[in-house]
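Residue indices begin at 1 and follow the sequence shown.
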Amino acid sequence: KTFEDASQDWLDMHTGKPSTVRALKSARVFWCEAFGKKLVTEVTYSDIRKRLAVKTCGPKTRNNYLALVRGVFDVAKRDKVLTSNPCDDIEGLDFETPDPDPLETHELERILEYLYEKNEQVGNYFGLAFYCGLRPCELIALRWSDVDWQCQQLRVSRGLVQGQIGTPKNNKYRSVYISSLALSVLKSQKKHTFETGGEQIF
């Protein structure tokens, strides 16, 4: 098979979140531009290193590119088309995420004051985001049934990405404590969705 065909086959077999699949599709384009028409058996370690060298990108993106090409050759090796994976000696790069830079209390209050003046539901959305620390995909997938009023907890069990409901990032289900401030936000939001029969909080 050509690398173009083999990489498409690998992508078709891959199951993952829409955002992950989108990143892998981008990686496939990157590799196919260089040696898409080559046979899988013709692509060498040097070809891969040279291709990686022409792209200026961060370590996370580079590792994503490497994940696809490594996966394609791993399948070829398991199919006995190759005896070894030309990516075996190419290491992924370590990277550090920047330290969080949280809002100061006065900054948070000014932002929420501005948002509430514009639209109460928008203020409620960001208020809950600030007070609970949920990801946007988790926040927009929250349902009223996820609220445990008695224990003051939110059950985070899903996320909404590109219009599709899935599991939270890293498949980690968790319960989040609802502070008194977050509780007041939820009570403010009830009349907009809960009392009109809506399942979704937002």
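Under the 4.5 Å side-chain contact rule for hydrophobic residues, Leu68 and Val29 do not share a cluster. Following chains of ILVMFWY side-chain contacts shorter than 4.5 Å, one cannot reach Val161 starting from Ile165, and the two form parts of different hydrophobic clusters.
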Kindly list each side-chain donor-acceptor pair under 3.5 angstrom involving residues 100-112, sequence neighbours excluded, with atom names and distances?
from   : atom 1 : to     : atom 2 : distance (Å)
Glu107 : OE1    : Glu104 : N      : 2.7

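If you take CD1 on Ile90 and OH on Tyr45, they are separated by 5.5 Å, rounding to the nearest 0.5 Å. Rounding to the nearest 0.5 Å places CG of Asn124 at 8.5 Å from CG of Leu186. Atom-to-atom distance recorded for Leu139:CG and Arg135:CZ is 12.0 Å, nearest 0.5 angstrom. Considering OG of Ser188 and CG of Leu128, their distance stands at 11.0 Å, rounded to 0.5 Å. Note: Gln153 CD to Cys132 SG = 11.0 Å, rounded to the nearest 0.5 Å. Taking CD1 from Ile201 and CD1 from Ile140, the interatomic distance works out to 12.5 Å, rounded to the nearest 0.5 Å.
Taking 4.5 Å as the limit, every side-chain heavy atom of Leu160 sits out of range of all side-chain heavy atoms of Glu138. In this structure the side chain of Trp31 reaches within 4.5 angstrom of the side chain of Ile48, judged on heavy atoms. Proximity of Val147 to Ile178: side-chain heavy atoms (C-beta onward) are separated by under 4.5 Å at one or more points. Two residues are said to be in side-chain contact when any heavy atoms from C-beta on lie closer than 4.5 Å; Lys50 and Val54 fail this criterion. The closest side-chain heavy-atom distance from Arg28 to Leu24 is not below 4.5 Å. Side-chain contact check for Val43 versus Val69: every heavy-atom pair is 4.5 Å or farther apart.
The two residues Gly123 and Leu115 make their nearest non-hydrogen contact at CA-CB, 4.0 Å. Across all their heavy atoms, Ser7 and Cys32 have their closest contact at OG-SG, 3.7 Å.
For Ala76, the side-chain contact (heavy atoms from CB on, under 4.5 Å) partners are Val40, Val81, Leu82, not counting sequence neighbours. Contacts of Phe30 classified as ring-ring contact (aromatic ring centres under 6.0 Å, His included), with partners at least two apart in sequence or in another chain: Tyr65. In terms of the side-chain hydrogen bond (donor to acceptor under 3.5 Å, both in side chains) criterion, residue partners of Thr2 (sequence neighbours excluded) are, by chain and number, Asp5. By the ring-ring contact (aromatic ring centres under 6.0 Å, His included) test, Phe3 is found to be paired with Phe35, Phe73, residues two or more places apart in sequence or in another chain being considered. In this structure Phe194 satisfies the side-chain contact (heavy atoms from CB on, under 4.5 Å) test together with Trp144, Lys190, sequence neighbours excluded. Not counting sequence neighbours, the partners of Glu33 by the salt bridge (Lys or Arg N to Asp or Glu O under 4.0 Å) test are Arg51. For Arg70, the side-chain contact (heavy atoms from CB on, under 4.5 Å) criterion is met by Leu66, Asn85, Cys87, not counting sequence neighbours.
For residues 36-48, the pairs satisfying salt bridge (Lys or Arg N to Asp or Glu O under 4.0 Å) are Glu4-Lys37, Lys38-Asp47, with sequence neighbours left out. Residues in residues 108-139 take part in these ring pair (Phe, Tyr, Trp, His ring centres under 6.0 Å) pairs, two or more places apart or across chains: Tyr125-Phe202. Listed by first and then second residue, the salt bridge (Lys or Arg N to Asp or Glu O under 4.0 Å) pairs involving residues 153-168 are Asp146-Arg158 (not counting sequence neighbours). For residues 173-193, the set of pairs meeting the ring pair (Phe, Tyr, Trp, His ring centres under 6.0 Å) definition, not counting sequence neighbours, is empty.
Residues Asp148 and Gln152 bring no donor and acceptor atom of their side chains to less than 3.5 Å of each other. Counting only N and O atoms by type, the side chains of Gln200 and Thr193 include no donor and acceptor under 3.5 Å apart.
A salt bridge is defined here as a Lys NZ or Arg NE, NH1 or NH2 lying under 4.0 Å from an Asp or Glu carboxylate O, and Glu113 with Lys118 fails to meet this definition.
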